[in-house]
Amino acid sequence: MARAPKRPNRFFTIGSILALAWLGSIAVLSILAPVLDSIRDPNKLGPSYSKNYKVGPGWDFWFGSDKLGRDVFSRCIFGAQISLRVALGSIVVGLLVGGFLGLLAGYLRGKVDSAINVLLDVLLSFPALILAILVVGRLDVLAENWTWLTRTWSVTIVLSLLSIAPIARIVRAQTLSLSEREFVLAARSLGASKWRIVGKEILPNLVPAMVSVAFTGVAVLMVAEGGLAFLGYSVKSPTSSWGKLIAENREKFNDGAWWGTTFPALMLFLTVFAFNVIGDRFARRFDIREAAL
Amino acid sequence: MRYALTRIARFVLVFVIVTFLVMLVTRIGSKDPIRDLAGGTVGDAQMDKVRDDFPYVKACSGTFEYIPCVAKQYVFWAKDMVTGNMGVSYLKSQTVFEMFQERAPSTFFLGFWAIIIGLIIAVPIGVYSAYKRDGWLDRILSLGSYVSISMPQLVLAVLLLYGVASRFEFFPNRTNYIAPWENPVEHFKNFFLPSLTLGLGLGAVWSRLLRADMILTLQSDFINLARAKGVKPGRVLWVHALRSSVLSLITSVALQMSGLVSGAVVAEQFFGVPGLGFRLVEAVQTNDILAIQAITAVIVAVVVIVNVGVDLLYSVIDPRIRQMRAMG
Amino acid sequence: MAGTGKAHLRDTDDIILRVEDLVMEFPVGRTGLKVNAVSGISFDVRRGETLGLVGESGCGKSTTGKAIMQLPRPTSGSVLFEGVELTTLQGQEMREARTRMQMIFQDPISSLNPRRKVRDIVREPLVIWKRGTTADQLGKVDALLEEVGIDPARAAESQPHQFSGGQCQRISIARSLVLDPTLIICDEPVSALDVSVQAQVLNLLEDLKTKHGLTLIFVAHDLAVVKNISDRVAVMYLGKMCEVAPSDVLFQAPAHHYTAVLKDSIPVPDPEIAVAQVAIEGEPPSPVLPPAGCRFHPRCPAADERCSSEEPQLREIGDGHFVACHHPLVGGEAPVTVRSATDA
């Protein structure tokens with residue numbers, strides 16, 4: 001994968017352009033959804049003729065209607081908003097916290113490294129989904145007192161927690177290998193302070209890997225959110241997310257209403273795929289440059 | 001030896017921290033852990049019985065007393081676990097041990113077949129695409145594995161359950177546990193689709209891993225030597241090259257354990273597999289505290305033991321990798 | 001050989017660097033064992049002198065170079081630089097002391113940060129120490145780049161990977177000069193370069209040395225490279241010092257058996273000359289468990305019982321020529337001393 005010399009290693013290929021286009025349109029649609037007239041209110045009960053999955057995909061309801069007669073298309077678009085917000089929010093927290101811990105462990109080593117490693121082992125030895133349902137379940141109880149703590153926040157907190165350890169591991173490994181490099185030694189011999197070395201020499205060299213990790217990470221987090229939603233541990237009704245739409249419409253799949261599950265599943269798949277494509281493109285370019293050095 | 005001991009000590013430490021955190025989580029936000037343990041709405045007699053059975057379970061309060069209070073309970077619980085008393089799920093009127101007897105086989109076979117399916121997919125594809133690297137079939141297979149990696153288990157489960165199981169009488173819509181030695185055909189029917197849900201993604205990841213490793217191996221001198229000696233191409237590929245490329249595959253198989261458990265929770269829920277993951281979700285919903293603690297402890301123990309195993313395996317196979325792993 | 005002792009240390013005013021009993025050990029993983037990379041070596045460098053430090057891979061010569069810079073700090077021993085003891089300096093003082101000496105590394109490309117512009121890399125030391133205004137700094141950087149043969153305009157907009165290995169080494173040299181150091185430690189500065197480029201870089205170093213009044217410590221595994229550039233050469237084996245002598249003396253009449261082997265391994269471009277080698281067998285022993293007595297004795301053609309039990313001390317056998325060997329090729333047998341076998 002990393003070594004495919006014949007293929008040009010440009011960042012922009014047909015695949016990555018399509019992926020960017022897909023992500024761009026999803027993002028724009030979900031942001032503009034509240035002000036676009038042609039997109040229905042996702043939570044408003046539909047007219048009676050559309051109840052109980054009466055209307056299939058067509059001009060009226062692009063992706064068909066659901067049990068309560070709501071528009072599956074608009075629920076998908078508003079669901080995208082939640083899915084993206086949760087995944088992006090968590091990856092940002094993950095990058096900040098995980099990156100910080102990884103840098104600390106990799107650069108300072110010694111006791112700090114051991115302590116951080118135990119923490120990361122603790123996080124990693126938990127199967128992700130189990131940690132997530134445990135924590136979301138408990139946060140629900142706290143949410144009774146803290147009204148701001150909606151499920152959207154709970155899920156973001158949990159997914160951030162999950163993304164910390166893998167990111168910290170990667171950053172730590174990279175920092176370790178970078179700080180062995182002679183330019184770091186050179187900086188030390190020039191009298192640069194610790195924090196200057198971290199900031200000017202190590203951090204800039206971590207950026208490409210981090211960007212790639214961020215994209216692949218978002219893909220993983222979206223899948224995780226889907227799983228949580230399916231188990232009933234993501235946003236609460238009537239708010240929608242893709243995983244939740246799959247879960248709430250799946251009962252009717254066999255009675256002819258295939259659209260309620262298929263469209264959100266397709267959108268989830270395409271989005272995850274797009275994030276993976278871009279992350280992979282980035283990693284490939286990055287690898288090649290590293291090899292050239 | 002010293003290395004092995006420090007490694008094991010560290011994992012024991014991790015295990016204790018994790019199980020303690022789980023216990024903490026079951027207590028935080030619980031108004032009355034004894035009632036949760038007793039199964040919710042029950043009479044006073046039942047409550048008294050539960051108090052009698054588990055005198056150490058109590059509600060903790062206070063800012064500074066909270067953690068020590070839970071820690072005390074943890075010691076009692078850990079003692080119970082070590083002596084083989086895993087506790088009781090009053091809600092289900094069974095001991096946690098009985099629950100394991102009932103639920104663990106399903107989860108075991110689900111994971112087992114998922115790994116087998118993953119390997120059946122990964123090994124031929126990985127070896128072939130490395131051999132015919134950048135050929136048209138390699139490209140198609142690469143794209144295929146790429147698509148499979150991006151396929152959320154949830155989406156795959158939808159496809160398999162509604163696209164396959166509902167359309168063909170052959171596969172049941174809900175999985176029942178049937179031991180393979182009782183009825184192999186029924187076992188296969190029940191477990192194939194949920195295992196495939198888990199196994200396809202694994203197969204895709206592993207095939208890419210194996211392909212990358214094989215490409216490196218095939219370029220190395222000892223392969224050229226084998227070819228020059230006149231070893232048959234098939235043998236070079238499947239014996240010489242594969243043997244020296246499987247190391248990272250083995251690691252990945254082992255390290256996917258915790259991912260497998262997560263995936264199993266979704267797959268079990270979707271296909272109605274009567275496994276531990278399914279039970280755990282129920283337990284969390286009702287805060288069935290001893291069940292939660294026992295199930296997570298067992299799962300984490302498996303993950304941790306596999307990790308130690310991989311570490312030690314590595315240190316036996318290749319001391320250089322041991323150092324690298326110690327660093328990274 | 002491979003002995004200890006300080007007989008070769010000089011006692012004059014113009015000594016810029018004096019290293020005594022330098023020891024450097026690294027732990028091996030978590031096994032409790034340690035690598036004895038450098039086991040008690042001493043040497044000094046006079047102002048304006050070039051000291052060559054040679055030995056095969058793993059003999060501790062690079063480690064010695066880095067230990068002088070306190071990167072990392074040596075396990076024990078003393079490093080006296082311009083009259084200041086470096087091993088006890090802390091924090092800010094240490095960082096400042098390091099600026100008076102600089103280091104050039106083996107891998108020219110790895111020693112430059114791949115994500116920064118070359119001109120910024122060379123300017124970095126001035127920025128760290130806030131020397132002069134931006135204009136002053138850039139003026140100095142450009143002048144130095146010009147001096148080492150790099151186009152400043154190109155350096156302003158290019159990253160290291162756009163330059164060749166030789167050019168990168170020139171950039172490293174420019175960076176090491178920017179703080180006006182007095183001592184430069186060159187850690188195998190040309191061994192990663194093509195032979196044709198090696199000569200150019202060596203000549204550049206010679207020129208700069210005269211122009212900037214530098215003192216050089218030149219670490220290399222290749223005696224041929226050291227031969228011309230050094231005033232004095234110190235030969236190391238397995239963390240110990242074997243022989244110290246003025247460059248021409250060492251090449252005409254090596255006293256230590258190991259030096260002789262090194263010298264004979266320089267390829268001679270004449271097919272008529274037989275490859276008469278005092279072949280030594282095997283690899284150097286592991287520095288984790290170094291041999292007792294003279295560390296070279298398992299591979300030495302002249303080794304006897306004394307060599308395996310008693311560690312030889314450096315002693316003078318000619319004008320400025322010191323050797324640590326019981327049975328040297330020139331200068332006669334070592335007098336029998338009553339000393340403990342291994343005192344390092």
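By convention in this document, chain letters (A, B, ...) are assigned in the order of the sequence lines, proteins followed by strands, and residues within each chain are numbered from 1. Side chains included, hydrogens not; waters and symmetry mates left out as well; all remaining heavy atoms used. The shown structure was predicted, so the numbers you read here are calculated from the model rather than taken from an experiment.
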Fill in: A:Phe269 to B:Ser150 - nearest heavy-atom pair and separation
CD1-O, 3.7 Å
Response to the item:
If you tally heavy-atom pairs under 4.5 Å between each of A:Val122, A:Thr271, A:Leu119 and chain B, the highest tally belongs to A:Val122
Worksheet item: Of all heavy-atom pairs between A:Arg138 and B:Val25, which one has the smallest distance, and what is that distance?
Response: CD-O, 2.7 Å
Worksheet item: With A:Ser125, which of B:Ile17, B:Val14, B:Val306, B:Val302 fulfils side chain to side chain contact (heavy atoms under 4.5 Å, CB included)?
Response: B:Val14
Worksheet item: With a 4.5 angstrom heavy-atom cut-off, which part of A:Tyr233 approaches chain B: side chain, backbone, both or neither?
Response: side chain
Discussion item. Between B:Gln285 and A:Ile133, is there a side-chain heavy-atom distance shorter than 4.5 Å?
Written reply: no
Item to complete: Please lay out, stage by stage, how B:Leu154 and A:Trp242 fare under the test side chain to side chain contact (heavy atoms under 4.5 Å, CB included).
Response: CA-CA 10 Å; B:Leu154 194 59; A:Trp242 289 331; over 6 Å; no
Practice prompt. Let me know if A:Ala128 has heavy atoms under 4.5 Å from chain B in its side chain, its backbone, both or neither.
Written response: both
Fill in: Heavy-atom contact with chain A under 4.5 Å, split by part of B:Leu21
side chain
Worksheet item: At what distance, to the nearest 0.5 angstrom, does CD of B:Gln269 lie from CG of A:Leu129?
Response: 10.0 Å
Practice prompt. Grab the two heavy atoms, one from A:Pro127 and one from B:Val300, that are nearest each other, plus how far apart they are.
Written response: CD-CG2, 4.4 Å
Practice prompt. State the CD1-CD1 distance between A:Ile130 and B:Ile299, to the nearest 0.5 angstrom.
Written response: 3.5 Å
Discussion item. Using every non-hydrogen atom in the two residues, find where A:Asp280 and B:Tyr146 come nearest and quote the distance to one decimal.
Written reply: CB-OH, 2.9 Å
Item to complete: Compare all side-chain heavy atoms of B:Arg10 with those of A:Val118 and state whether any distance is below 4.5 angstrom.
Response: yes
Fill in: Choice from A:Leu270, A:Val277, A:Leu123 maximising heavy atom contacts with chain B below 4.5 Å
A:Val277
Worksheet item: So, do B:Asn307 and A:Leu124 sit near enough that their side-chain heavy atoms are less than 4.5 Å apart?
Response: no
Discussion item. Which atoms of A:Thr261 are under 4.5 Å from chain B, going by heavy atoms: the side chain, the backbone, both sets, or neither?
Written reply: side chain
Practice prompt. Walk me through it: do B:Thr296 and A:Leu134 pass the test side chain to side chain contact (heavy atoms under 4.5 Å, CB included)?
Written response: CA-CA 10 Å; B:Thr296 46; A:Leu134 272 175; 4.2 Å; yes
Discussion item. Is A:Val220 close to chain B through its backbone or its side chain, or both, or neither, when contacts mean heavy atoms under 4.5 Å?
Written reply: neither
Worksheet item: For A:Trp22, does the CH2 atom sit with more than 12 other heavy atoms under 6.0 Å from it, leaving out its own atoms?
Response: yes
Response to the item:
Given B:Phe270, B:Phe15, B:Phe11, the one with more heavy-atom pairs under 4.5 angstrom with chain A than any other is B:Phe270
Discussion item. Under 4.5 Å from any heavy atom of chain B, what part of A:Ile246 do you find: side chain, backbone, both or neither?
Written reply: side chain
Worksheet entry | Selection from B:Val18, B:Val266, B:Val303 maximising heavy-atom pairs under 4.5 Å formed with chain A | B:Val18
Worksheet entry | Contact winner vs chain A - B:Ile292, B:Val304, B:Val147, B:Leu159, heavy-atom pairs under 4.5 Å | B:Val147
Fill in: Closest contact, heavy atoms only, B:Val155 versus A:Ala265
CG2-O, 3.6 Å
